[in-house]
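As C-alpha cells, the structure follows; a few thoughts come after it.
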2 protein chains.
Amino acid sequence: MSRKLSTLDPQRLDNQICFAVYSAAHAFNRVYKPLLDRLGLTYPQYLVMLVLWERDDVPVKDIGEKLFLDSGTLTPLLKRLEAAHLVKRTRSSEDERQVLIALTPQGHALKEKARSVPQSILAASNCTVSELVAMKDEIVALRDRLNAVIGE
Amino acid sequence: MSRKLSTLDPQRLDNQICFAVYSAAHAFNRVYKPLLDRLGLTYPQYLVMLVLWERDDVPVKDIGEKLFLDSGTLTPLLKRLEAAHLVKRTRSSEDERQVLIALTPQGHALKEKARSVPQSILAASNCTVSELVAMKDEIVALRDRLNAVIGE
DNA sequence: GCATATTCAATTGCGAACAATTAAATGTGA
DNA sequence: TCACATTTAATTGTTCGCAATTGAATATGC
C-alpha cells in the first residue's frame, strides 16, 4: 500500500526518473572507459571526435550545439585534443570570432581504431535492437522537452 | 535506405543510446538547478540529502552504494554539506574506520522546503505517469545490467 | 598472538560541466 | 559613420566524478 503509493507519488517519480538517468549515464561512462582508454580519449572527447568524423572544419559552436555543451567545456577539451595531435584549431579568416576545428591525419586515422568501441553494450543490455531504439527515442524526446523548458 | 541502415546499425545504436542518456542527464540537471539554487544545493548534494531524509546516521559507504558514488566524490561533497550546517560527520565508536553522517536540525528542516522541487518535470514531459514509470524501470534495468558488466 | 589481507575514508590529480565575466569581431540602425 | 547590440571564444572559479594512493582500523588464517 505504502509501497504502491511511493511508486506512484508524482513527487518521487520526478526524482526517480532523474536519478535513473543520472546513474545510467555514469554506468555507461564506466563501461566505455576501458574501451576509450585504449584510444587515449575520455567519453566527452570521444563525442567530439564522433562529431568531427561526420564533418570536419566546423566552428566550436557547431560542436557545442550538437553535444549541448558550451565553450567553457569545449575550449579546454579541444586544447587537450590539440595537445594530443588529434585536431588543429585555427581562427576563421571569414569571421575572426570563430575557431575552426579540423582533424589531423592522426585524428582521421583514429576513426578506424574506434570502430570496435561500441560493441559490448548491446550484448550486455539483454535487449532487442528494437527495444533499445524505442528506449533511445523516448529518452531523446524527454531530453528535448526538458531542453525546451529551459529555453523558456 | 541508408537512413534505415544508420538507425539500425548496432555500432551507432550503442553510441546513440549512450549519448541520449548522457545528454538527458545534463538536461535534467539544468532543469533542477534553478529549483535547487533556492535550497543552496547542487544536484548531487540533493541526492545525498534525499538519502539522508530517508535514513539518518549512516556511514559514507552506504550513501555511496545507493548513489553509485565513491569516497573521492562524497568526502568533499559531505564536507561542503557540513560547512553549510546541514549534516554532521562523526567517526563511529564501534568501527573507527567509518564516518557516520547525521542530519542537523537545519538538515531535517530543509526537507520541507524541498517538497516543491520535483514538480515541473512531469508537467513538462507531456507523458502519462505510467509511461514515465515504465521508462524509468527500463532505464534502471539497463543501468543495472551495465553495472553488472563492470563488476565482471 | 602475529602476520597478512581487507575495509573504509581521505587525499591528490586530472578532466569534465557550467555560470559569469571578458574581449574581440561582426552586424545594425540612425 | 558611429553608437550600440549581438555573436563567438576564452577565462575564471566552483563543483562533480573517478582512478590511484595512503593510512588507519578491523578481520582472518595460521
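It should be emphasised that the depicted structure is a prediction, and the values quoted were computed from it without experimental measurement.
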Under 6.0 Å between the ring centres of A/Tyr43 and B/Tyr22?
-> yes
Could you walk me through whether A/Glu82 and A/Lys79 pass the salt bridge (charged side-chain N to carboxylate O under 4.0 Å, His left out) check?
-> CA-CA 5 Å; A/Glu82 189 175 43; A/Lys79 285 184 175 178; over 6 Å; no
Nearest-nucleotide 5' precedence on DNA chain D, A/Asn29 against A/Arg97 | A/Arg97
When rounded to whole Å, the CG to C1' distance for the pair B/Asp37 and D/dT14 reads 13 Å
Nearest-0.5 Å distance, OG of residue A/Ser92 to CG of residue A/Asp57 = 9.5 Å
Whole-Å distance, A/Arg91 CZ to D/dT8 P, equals 13 Å
Roughly, in whole Å, what's the span from CG in B/Leu41 to P in D/dC16?
-> 10 Å
Cluster check A/Leu146, B/Val129: I/L/V/M/F/W/Y, side chain < 4.5 angstrom = yes
Rounded to whole angstroms, how far apart are CZ on B/Arg80 and P on D/dT14?
-> 11 Å
Within 6.0 angstrom of B/Lys88 NZ, more than 12 heavy atoms from elsewhere = no
Answer yes or no: does a side-chain N or O of B/Lys33 lie under 4.0 Å from OP1 or OP2 of D/dT14?
-> no
Could you give the CD-to-P distance, from B/Glu96 to D/dG23, as a whole number of Å?
-> 19 Å
From A/Ile63 CD1 over to A/Leu69 CG, what is the distance, rounded to the nearest 0.5 angstrom?
-> 10.0 Å
What integer distance in Å separates A/Gln98:CD from D/dA10:P?
-> 11 Å
Selection: residues 61-76 of chain B, any non-hydrogen atom under 4.0 Å of DNA chain C = B/Lys61, B/Ser71, B/Gly72, B/Thr75
Protein-nucleotide distance (A/Phe28, atom CZ; D/dC18, atom P), rounded to Å | 15 Å
Taking heavy atoms of chain A and a 4.0 Å limit, find me the 5'-most and 3'-most nucleotide of DNA chain C within that range.
-> C/dG15 to C/dT26
Inspect the contact between B/Lys66 and B/Asp62 and indicate whether a charged nitrogen and a carboxylate oxygen are less than 4.0 angstrom apart.
-> no
Would you mind reading off the distance between B/Tyr46 atom OH and D/dC16 atom C1', rounded to a whole angstrom?
-> 18 Å
